[in-house]
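Note that the coordinates shown come from a computational prediction; the quantities given were computed from them, not determined experimentally. First listed ligand is number 1; within each ligand, the first listed atom is number 1.
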Amino acid sequence: MAQENEKHQVIFSGIQPTGKLTLGNYIGALRNFKLLEDSYDCIYSIVDMHALTVRQNPTELRRACLSVMSLFLAVGLDPEKSLIYFQSHVSGHAELAWVLNCFTYMGELSRMTQFKDKSAKHADNINAGLFTYPVLMAADILLYQTDLVPIGADQKQHLELARDIAERFNGVYGDVFTVPDAYIPKIGGRVMSLQEPTRKMSKSDPEETYIAMLDEPAVIRRKLRRAVTDSENSVRFDPEGKPGISNLMSILSTLTGMSMDEISAAYDGRGYGVFKDAVADAVIAEFEPIQKRYNEIFADKAYLEQVMTQCAERARRIAGRTLTKVRRKVGMAALKL
Ligand code: TYM
């Protein structure tokens, strides 16, 4: 984080600790968390309260929380600079979410595509938390007076709702919240499934459709070799006509910095096998060092404990400023302890 006297812009983002983080999470979000770390005051949360909207096994959830925190650290995020903490350790998220619920309309929430998708998937458990999930997400962001939110394209609708809620609240009470902007990568904002490249890569789909950040190199290569492409044998960027190849090109482009033209020039006409192997090489080269650091960090429970405690403490202090303001604005009596 910047020194007290320097005012940097604030970044906030969160990742759910469910299942395994994928190459989509990495390219759409986590990788950018690291790239933005030096230029902003960054706050990154493992959003364990959001995870409760679907049934979780408590032991596995606890483990997943530590695992995601270890991955944050393994990609190189520095807890001295950025805050890395669990959402449930800062009770202000829940408190602000309640207030914001009173400034959010049922109609807005019923239009959220993630709610529609998740309620179709979990038809036996369409709980109120699933419905108000985007309000908790708005609270996460607005609590820290966030300027910029690095996310994948699938979270754009939620971010727009957070902006609407902030503007509505500010319209009534004056400038209480910073209205945040989304930061969505132009290439890689939507990494697609390896088996159905017109769908988003998702950790809740079957194993062979996604690459997990902790997949072994041989598994990464096998999954990419089996990725669905087309019968044209031409490495050309055309997301509509050639979704499979275009997805692999986007992955290669974000990881190597090569442009689409450079990728076409290097691999067109050499067969899809050669191209897929090049994508596998790039993904393995990116993930191998991260996996090595992850294994060390995940084993060091004392270190993880220290990071989570210190960051939560600092996050609570920042959140407290916004909460005090919100309480005063809406008319809650001041409590002097
Ligand atoms: P989650 O946990 O589903 O995903 C974490 C991040 O990864 C991005 N992402 C992708 N990006 C590109 N291609 C994909 N296939 C792909 N799949 C996932 C997501 O867009 C996200 O940025 N609601 C959020 C978590 C959240 C949050 C927040 C995010 C809670 N509060 C506040 C930002 C700010 C979610 O479920 O992300």
Strictly below 4.0 Å, N to O, side chains only: are Glu207 and Lys20 in salt-bridge contact? yes
Might you work through the side-chain contact (heavy atoms from CB on, under 4.5 Å) test for Thr53 and His122, ending with a clear yes or no? CA-CA 10 Å; Thr53 52; His122 304 277; over 6 Å; no
Report yes if the distance between the aromatic ring centroids of Tyr26 and Phe287 is under 6.0 Å, otherwise no. yes
Any salt bridge linking Glu108 with Arg168? Criterion: basic side-chain nitrogen under 4.0 Å from a carboxylate oxygen. yes
Keeping to residues at least two apart or across chains, list the ring pair (Phe, Tyr, Trp, His ring centres under 6.0 Å) pairs with something in residues 177-210. Phe169-Phe177
Would you mind checking if Arg199 and Asp205 are paired as a salt bridge, meaning a charged N to carboxylate O distance below 4.0 Å? yes
Students should find this: residues with any non-hydrogen atom under 4.0 Å from ligand 1. What is the answer? Phe12, Ser13, Gly14, Ile15, Gln16, Gly24, Asn25, Gly28, Ala29, Val47, His50, Tyr133, Met137, Asp140, Ile141, Val149, Ile151, Gly152, Asp154, Gln155, Gly188, Gly189, Arg190, Val191, Lys200, Met201, Lys203
